[in-house]
Amino acid sequence: GFCFDWDREVRTSDPEFYTWTQWIFLKLYNSYFCNAQQKARPIEDLVKKYETKGDKNFTAEQWNAFSKKEQEDILMNRRLAFSKYGEVNWCEALGTVLANDEVVNGVSERGGHPVVKKKMRQWYLRITAYADRLLEGLETVDFSDSMKEMQRNWIGKSEGAEMDFEIKGAGNKLRVYTTRPDTIFGVDFMVVAPEHDLVNEIKSAEQAAAVDEYVAYVKSRSDVDRMAEKKITGCFTGAYAINPFDRKEIPIWISEYVLAGYGTGAIMAVPCGDERDFKFAQHFNIPITNIIGSHFNGEEANSTKEAVLENSGFLNRLLMKDAIGIAVNKIEELGIGKRKVNYRMRDAGFSRQRYWGEPFPILWNGEIPSALSPDELPLELPHVDTYGPGAEGEGPLANITEWVNTPEGRRETSTMPGYAGSSWYFLRYMDPHNSATFCDRKASDYWNQVDLYIGGTEHAVGHLLYSRMWTKVLFDLGYIGYDEPYKKLLNQGMIQGSSRFVYRISWAGMGHDGGSIDPQTLPQIFISKKYMDAIENNIAIDIDFVRHTSISLLKSIFQQISNVSFPVITANKIHVDVNIVDGYELDVEKFMQQNNGRYAESEFIYEGDEMDKYICGGEVEKMSKSKLNSVNPNELCDNYGADTFRMYEMFLGPVEMSKPWDTKGIEGVHRFLRKLWRLFFDDLKGKVWNEEKANDAELKILHRTIKKIEEDTERFSFNTAVSTFMICVNELADSKCHKKEVLENVLILLTPYAPHIAEELWNKLENEGSILDAAYPAFDGKYLIESSKEYPISINGKVRANINLALNLEQAEVEKIVLQNDIVQKWLDGNAPKKIIYVKNKMVNVVL
RNA sequence: GCCCAUGUGGCGGAAUUGGUAGACGCAGCAGACUCAAAAUCUGCCAUUCGCAAGGGUGUGAAGGUUCGAUUCCUUUCGUGGGCACCA
């Protein structure tokens, strides 16, 4: 029952749209996060403050004396959109930057070339500044708990302490972040991220080679690989840190499980309290200090906070959770560290070395960026002849020298990521044609937040966080009146394709006599899944296999492959049309008929108790034509109508659940709609609905249905709502209730579920109905009937023949029906049919 | 590896907040109507023992809490999604 207002269609790739994406980018660039007010403010406010009052690190005079570059560097540290050097996956052979999912096992997915980390200048959004507000905002929106949990975990707020450890025999210090300062006496080693700046400075001469080798290894690995690795890897640097409390020397290791981007890129490892530290210590035979007495059994770490501390100097005999605060106080007192709130979330990378994206409205003069002014927007994406990367791995725009080089400076050649436009597009729907602003404040105030946003959980930590941040920035700057974009979020599940496979015996490689066997002459044998499993598991399948294979078939195989005493059997996995598979059982006859009979002569080797089942293999994967696991919705609409299709989708299961698409049950929904129709119109009798008064039993059915449907609809439980409709119609049919009083109420409920049929019936309740009463409407006023097909036809209920009908059915224009068959024509004998009854592409009844 | 979700008959699923497990639908079986179909209607349909009456078992697995667990807790296995350049 809903519809789209196509006047409001937008495209984020349209310059009329992305001019405003660039405009918002400029707002981000020209704003900073004011910690005192916890909101975005124009960067001029900060500049003014620096010019007049200075900052804790410099006076106003110093600021004014800074060079342009120095000033810009300081401001860049505060801008909400900022540029700095960051690491990317660099593939030298392809000359381009790769996404993490284009890197598999350290090499490029395409071509298998090596991929390394490379530092390049990148743009970022300072989403970390909004971490707390993104957390708080979750309390005000109606998202699922799991969605909120995913966002909270992504933001990963933790409270702890940052502290500096002296490094033995060196001037510099190792800064670590820990949430458990109470375990300071249990630190048995340090782990530093391999890419940490200190590594090169502190590695000992003896360990240098090993460290370099390990760093090179880590460089080739993606973060995901690093985190997912079960194997424990690491390398001792040869350096020691000093525990400030007991002066114990602590060996410093590097390992890939510590990431440079999180915290300080270094941790203090407490093996008795942390599982990963424990495994690391075990693996490298590092002695473990027990500070929690019997809570540590020596076999696994125990991360409790309830233990009483031992071997812990001034913290002895304290409960761990009480010791946390005491330890931090002591650390602060000694000036070796301080309380620190840490976030797992990092600033969001905002530049891509790609062509397709919004160009940045930024010019560079050396290392100093400057922004275009809003009236220079849009900065349109220029035409390129080639999409190849720039000389230094920049995006393709770098190759257009005349575009890049302007009198005012060198253009930024990266483009914005896909999420730039999608972070604010909902606002543009509210005011899509405004050329003066991205969205008039009046329009955004009027429409307010998005009432219901429907999207998958895959957006949890990407799009949904970005658009929440952008909304907060626009709110802070006064351009919109709310700081959360989506009032309610519904995660719909993904409809997947459930692929099915048959296994065809492969003759490749079986002819050891120089390829004299023509595979075309060999029979095609499909083996059921059980045998395929046996092959894959290298189980000796011959006995079972041979026993159930037709002997003559095997003989013919062996005769042709004379050089092989027993063939090494392999089989190829072939996609089979999922529509001819019931569960996993293949409809072999249909399979043989498909593909123009390509497999009509094939042999099938079955399994099961009766040895009569061909069982397919199955995988749930992306829906795709080539995988034969897709269903054409047009075909279903043609056969069943849009209402049936819609209701069946709802009937499939909970809307938030992903599931493989399966059309098996659609017949039931269609039957329900036909049954509903028959409450109003009988196939032969025509109109059956009446104006009688409903009795108590009928009203009970009605009102129970109203209550249930209301509840189900409110909680988006559309599948149970459809069940409720079915129960209602069954009960009304059983009690032979055709009363308008009841039926019209059912139609009101049904309207959002089956709008076309509901509307059609509603009209007929008002105008007595037409001659086409018994045809079931599909959608858009069309009826479920196809012309030029062969239908069995009956006249006055008696079957006479199968005929070809050329039907030109339009609503209430029955005289246009042409029966192109002499015999039937004779029967009809010039009598215009009173009624055509059409029963789902199976049967046509003509009533004279 | 980490985070989130999920697991119930032959199949999709229901059980709304701890209270009769399997609603509703598909498939299947049997029957009615029919010359025969189609359509429609009726009955059966978790599993096991039993002629039946009736009993046992049963919501991925193993424990636990409870008078009572598909539901809550712990552990574990499988599957799907995400893990920062897909968005």
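Bear in mind the structure is a predicted one, so any value in this text is a computation, not a measurement. Throughout, protein chains are lettered first and strands after them, A, B, ... in sequence-line order, and every chain is numbered starting at 1.
Side-chain proximity of A:Lys659 to B:G12, B:C85, B:C24: nearest is B:G12. Nearest nucleotide to the side chain of A:Arg344, out of B:G13, B:A84, B:C41: B:A84.
The C1' atoms of B:A15 and B:U59 are separated by 11 Å, rounded to the nearest whole Å.
Residues of residues 414-426 of chain A that place a heavy atom closer than 4.0 Å to RNA chain B, in numerical order, are A:Gly418, A:Tyr419, A:Ser422.
Within the 4.0 angstrom heavy-atom criterion, no nucleotide atom of any strand lies near A:Ser658. In this structure, A:Met147 reaches neither bases nor backbone, as no heavy-atom distance under 4.0 Å exists between it and the strands shown. Base engagement by A:Lys708 is indicated by at least one non-hydrogen atom pair under 4.0 Å involving a base atom. Heavy atoms of A:Val461 sit under 4.0 angstrom from primed sugar atoms or phosphate atoms, though from no base atom. At a threshold of 4.0 angstrom between heavy atoms, the contacts of A:Glu649 with the nucleic acid are absent. Residue A:Val88 is classed as a base contact, given a heavy-atom separation below 4.0 Å to a base. Residue-level contact check: A:Asp145 touches neither bases nor backbone, having no heavy atom under 4.0 Å from any strand.
Remark: B:G7 base-pairs with B:C77. Criterion, Watson-Crick or G-U wobble with two distances under 3.5 Å. Checking B:A23 for Watson-Crick or G-U wobble geometry (two distances, each under 3.5 Å) identifies no partner in any strand. With both pairing distances under 3.5 Å, B:G28 is matched to B:C44 as a Watson-Crick or G-U wobble pair. For B:C72, the paired nucleotide is B:G64, the pair qualifying as Watson-Crick or G-U wobble because both relevant distances are below 3.5 Å. Shown here, B:C83 forms a base pair with B:G1; the pair counts as Watson-Crick or G-U wobble because both key distances fall under 3.5 Å.
If you look at A:Tyr130 and A:Trp470, their ring centroids are not closer than 6.0 Å. Proximity of the aromatic rings of A:Tyr257 and A:Phe280 is defined here by a centroid distance below 6.0 angstrom, and this criterion is met.
Taking 4.0 angstrom as the limit, A:Lys148 places none of its side-chain polar atoms (N or O) nearer than this to OP1 or OP2 of B:C4. Listed pair A:Asn730 / B:G25 meets the phosphate criterion, a side-chain N or O lying under 4.0 Å from OP1 or OP2. The shortest distance between the side-chain N/O atoms of A:Arg674 and the OP1/OP2 oxygens of B:U40 is below 4.0 Å. The side chain of A:Asn719 places an N or O atom within less than 4.0 Å of a non-bridging phosphate oxygen (OP1 or OP2) of B:A14. Proximity of A:Arg671 to the phosphate of B:A38: no side-chain N or O atom is located under 4.0 Å from OP1 or OP2. Put simply, A:Arg346 has no side-chain N or O that comes within less than 4.0 Å of OP1 or OP2 on B:A84.
In this structure, B:G9 shows a glycosidic angle within 90 degrees of zero, which is the syn conformation.
Proximity of a side-chain donor or acceptor of A:Ser255 to a complementary backbone N or O of A:Thr233 within less than 3.5 Å is detected.
A pairwise comparison of heavy atoms in A:Phe143 and A:Lys148 identifies O-CE, 3.6 Å as the closest pair.
Note: CG (A:Asp347) to P (B:C85) measures 12 Å, nearest angstrom. A straight line from CD of A:Glu458 to C1' of B:G81 spans 8 Å, rounded to a whole angstrom. The distance from atom NE2 of A:His463 to atom C1' of B:G81 is 17 Å, rounded to the nearest whole Å.
For A:Gln151 and B:C3, a side-chain-to-base donor-acceptor distance below 3.5 Å is absent, hydrogens and geometry of angles not being considered. Taking 3.5 Å as the limit, the base of B:C3 and the side chain of A:Glu149 contain no donor-acceptor pair of atoms between them.
No hydrogens or angles considered: a donor-acceptor pair under 3.5 Å links the side chains of A:Ser467 and A:Tyr486. A donor and an acceptor atom, one from each side chain of A:Trp356 and A:Thr415, are nowhere located under 3.5 Å apart. A:Tyr177 and A:Ser158 are linked by a side-chain donor-acceptor pair at a separation below 3.5 angstrom, with hydrogens and angles left out of the test.
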A:Met647/A:Phe718 under side-chain contact (heavy atoms from CB on, under 4.5 Å): CA gap, chis, key distance, verdict
CA-CA 9 Å; A:Met647 285 195 97; A:Phe718 307 118; over 6 Å; no
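Of the candidates A:Asn730, A:Thr644, A:Val729, A:Ile727, A:Phe672 forms a side chain to side chain contact (heavy atoms under 4.5 Å, CB included) with just one, namely A:Val729.
We find that A:Arg152 and A:Glu149 are joined by a salt bridge, their nearest charged nitrogen and carboxylate oxygen being less than 4.0 Å apart. A salt bridge does not link A:Arg715 to A:Glu711: none of the charged side-chain nitrogens sits closer than 4.0 Å to a carboxylate oxygen.
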Using nucleotides 70-78 of chain B, report all nitrogen or oxygen pairs with the protein that are shorter than 3.5 Å.
none

